[in-house]
Amino acid sequence: MATSSAASVDMEDIQTVDLMSELLRRMKCASKPDKRLVFIGPPGSGKGTQSPVIKDEFCLCHLSTGDMLRAAVAAKTPLGVKAKEAMDKGELVSDDLVVGIMDEAMNRPKCQKGFILDGFPRTVTQAEKLDEMLNRRGAQIDKVLNFAIDDSVLEERITGRWIHPSSGRSYHTKFAPPKVPGVDDLTGEPLIQRKDDNADVLRSRLDAFHKQTQPVIDYYAKKGNLVNIPAEKAPEEVTKVVKKVVST
């Protein structure tokens with residue numbers, strides 16, 4: 001009874017407009033089909049731009065491995081405690097633990113209509129363990145969206161990127177240049193380039209991505225649920241393609 005009372009008090013503290021917004025959102029989401037998606041793509045391919053758009057459009061939850069691990073550790077769930085023990089020892093969190101934490105996360109109300117997995121699975125073993133976990137739930141991955149883009153396009157995208165440190169505003173020497181080169185439009189403060197945004201670091205990251213992820217792409221291609229997304233297109237065009245793929 002105490003728990004029920006606490007929940008009641010919490011609800012009373014929520015603004016009416018927030019309650020109504022959430023109620024309307026849930027009513028809209030009730031008619032949406034369940035979707036379980038995996039987004040795969042190299043750094044700079046646009047996954048991070050498309051995920052929030054698709055999450056909101058289809059009422060899905062966005063599950064990233066790092067966020068889930070941090071949440072499980074903070075909540076001190078049994079699996080979170082085990083994950084913390086591994087991390088404290090400087091060890092990698094095992095695939096079984098990660099999949100278990102993912103299984104827990106899928107019980108959240110916001111994941112009822114499905115999810116977008118970003119950054120997982122990274123190996124075929126992880127993909128197989130994910131399939132096993134979903135099978136136990138009577139579910140499966142519906143679509144795997146591979147944000148396909150040529151490495152040379154990524155190099156141009158990333159090496160031309162400049163950031164205003166205090167606001168996070170980003171510019172690009174070719175696609176979105178500042179009014180004055182090297183200077184933020186609003187404050188006049190200098191722009192910086194992140195240490196990782198250079199050709200050598202990018203090539204190293206891309207080599208690692210291709211070696212690690214190509215077998216995962218092949219795994220899903222054989223299962224018949226892989227769709228290649230032309231990620232070199234403008235973000236709005238990519239959004240149209242992704243929405244069409246997810247809707248079918």
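All values below come from the heavy atoms of this structure, side chains included, with hydrogens, waters and symmetry mates left out.
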Next on the checklist: Restricting to side-chain contact (heavy atoms from CB on, under 4.5 Å), what partner residues turn up for Ser247, sequence neighbours left out?
Outcome noted: Phe58
Checklist entry - For Val238, what residues pass the side-chain contact (heavy atoms from CB on, under 4.5 Å) criterion, not counting sequence neighbours? => result Gln50, Phe147, Ile229, Lys233, Val242
Next on the checklist: Asp184: which residues meet the side-chain contact (heavy atoms from CB on, under 4.5 Å) condition with it, sequence neighbours left out?
Outcome noted: His164, Arg169, Tyr171, Leu186, Thr187, Leu191
Next on the checklist: Other residues, nucleotides and ligands only: do more than 12 of their heavy atoms fall within 6.0 Å of CD on Gln212?
Outcome noted: yes
Checklist entry - With hydrophobic residues grouped by side-chain heavy-atom distances under 4.5 Å, do Val227 and Ile141 end up in a single group? => result no
Checklist entry - For the residue pair Pro181 and Pro178, what are the closest heavy atoms and their distance? => result CA-CG, 4.1 Å
Item to check | Nearest atoms (heavy-atom pairs only) where Ala71 meets Arg108 | outcome: CB-NH2, 4.2 Å
Item to check | Distance in Å, Leu63 CG paired with Phe115 CZ, rounded so as to fall on 0.5 Å steps | outcome: 7.0 Å
Next on the checklist: Tell me which pairs pass salt bridge (charged side-chain N to carboxylate O under 4.0 Å, His left out) where either residue lies in residues 204-223, with sequence neighbours left out.
Outcome noted: Asp131-Lys223
Checklist entry - Are the side chain of Asp185 and the backbone of Lys179 linked by a donor-acceptor contact shorter than 3.5 Å? => result yes
Next on the checklist: Minimum heavy-atom separation for Val216 and Pro121, please, with both atom names.
Outcome noted: CG1-O, 3.9 Å
Checklist entry - Cluster question for you: counting only ILVMFWY and a side-chain heavy-atom cut-off of under 4.5 Å, with indirect links fine, are Met68 and Leu37 together? => result no
Item to check | Val93 side chain near Met87 side chain, heavy-atom distance below 4.5 Å | outcome: yes
Item to check | same_hphob_cluster(Val99, Phe39) at 4.5 Å side-chain heavy-atom cutoff | outcome: no
Next on the checklist: Run the salt bridge (charged side-chain N to carboxylate O under 4.0 Å, His left out) test on Glu155 and Arg203 for me, step by step, so that the C-alpha distance in whole Å, both residues' side-chain angles and the decisive distance to 0.1 Å come before the verdict.
Outcome noted: CA-CA 8 Å; Glu155 187 169 328; Arg203 284 190 205 108; 3.2 Å; yes
Checklist entry - Do any N or O atoms from the side chain of Ser31 and from the backbone of Lys28 form a donor-acceptor pair under 3.5 angstrom? => result yes
Next on the checklist: With heavy-atom distances below 4.5 Å as the criterion, would you say the side chains of Pro42 and Ile149 are in contact?
Outcome noted: yes
Checklist entry - Is Asp96 close to Val98 at the side-chain level, that is, under 4.5 Å between some pair of heavy atoms? => result no
Checklist entry - Hey, does the side chain of Lys32 reach the backbone of Glu57 with a donor-acceptor pair shorter than 3.5 angstrom? => result yes
Checklist entry - Taking it one step at a time, do Lys113 and Asp34 satisfy salt bridge (charged side-chain N to carboxylate O under 4.0 Å, His left out)? => result CA-CA 5 Å; Lys113 302 303 290 185; Asp34 291 6; 3.5 Å; yes
Checklist outcome for this item: What one should report as the nearest heavy-atom pair of Pro235 and Thr49 is CB-CG2, 4.5 Å
Item to check | Exercise: do Asp150 and Ser152 side chains pair donor with acceptor under 3.5 Å | outcome: yes
Checklist entry - Should we count NZ of Lys35 as having more than 12 external heavy atoms under 6.0 Å? => result yes
Checklist entry - Can you tell if the side chain of Pro230 reaches within under 4.5 Å of the side chain of Glu232, non-hydrogen atoms only? => result yes
Checklist entry - Sequence neighbours excluded, which residues qualify as side-chain contact (heavy atoms from CB on, under 4.5 Å) partners of Asp103? => result Met133, Arg137
Checklist entry - Looking at residues at least two apart in the chain, or sitting in another chain, which of them share a ring pair (Phe, Tyr, Trp, His ring centres under 6.0 Å) with His210? => result none
Next on the checklist: Can you tell me how far apart CG (Leu206) and CG (Leu154) are? Round to the nearest 0.5 Å.
Outcome noted: 5.5 Å
Checklist entry - Would Leu145 and Val38 satisfy side-chain contact (heavy atoms from CB on, under 4.5 Å), going step by step from the backbone distance to the final call? => result CA-CA 6 Å; Leu145 279 64; Val38 174; over 6 Å; no
Item to check | Enclosure of Leu24 CG (heavy-atom neighbours >12, cutoff 6.0 Å) | outcome: yes
Checklist entry - Any side-chain heavy atom of Ile116 within less than 4.5 Å of one from Cys61? => result no
Item to check | Straight-line distance of Ile217 CD1 to Thr213 OG1, nearest 0.5 Å | outcome: 6.0 Å
Item to check | Distance in Å, Thr125 OG1 paired with Arg122 CZ, rounded so as to fall on 0.5 Å steps | outcome: 14.5 Å
Checklist entry - Is the backbone of Lys55 close enough, under 3.5 Å, to the side chain of His62 for a donor and an acceptor to pair up by distance? => result no
Checklist entry - Between Lys129 and Asp95, is there a salt bridge with N-O shorter than 4.0 Å? => result no
Item to check | Gly80 versus Val73, closest heavy-atom pair with distance | outcome: O-CG2, 3.6 Å
Next on the checklist: Does Met106 form a side-chain contact (heavy atoms from CB on, under 4.5 Å) with Leu134? I'd like the steps, not just the answer.
Outcome noted: CA-CA 10 Å; Met106 288 175 192; Leu134 289 172; 4.0 Å; yes
Next on the checklist: Would a single hydrophobic cluster contain both Val144 and Phe209, if residues Ile, Leu, Val, Met, Phe, Trp and Tyr are joined by side-chain heavy-atom contacts under 4.5 Å?
Outcome noted: yes
Checklist entry - Under the 3.5 angstrom rule, does the side chain of Lys243 hit a backbone N or O of Ile54 as a donor-acceptor pair? => result no
Item to check | Closest approach of Ala105 to Cys111 (non-hydrogen atoms, all atoms of both residues) | outcome: O-SG, 3.5 Å
Item to check | Worked verdict on Arg161 versus Asp197 for salt bridge (charged side-chain N to carboxylate O under 4.0 Å, His left out) | outcome: CA-CA 7 Å; Arg161 191 163 57 186; Asp197 287 352; 3.1 Å; yes
Checklist outcome for this item: Rounded to the nearest 0.5 angstrom, the CZ-CG distance for Arg36 and Asn225 is 12.5 Å
Next on the checklist: Could you measure the distance from the CG atom of Asn198 to the OG1 atom of Thr159? Nearest 0.5 Å is fine.
Outcome noted: 8.5 Å
Checklist entry - Is Leu60 reachable from Leu130 through a run of hydrophobic residues whose side-chain heavy atoms are each under 4.5 Å from the next? => result no
Item to check | Any Val183 side-chain heavy atom under 4.5 Å of Trp162 side chain | outcome: no
Checklist entry - If we only count heavy atoms from C-beta on, is the Thr123 to Glu128 side-chain gap below 4.5 Å? => result no
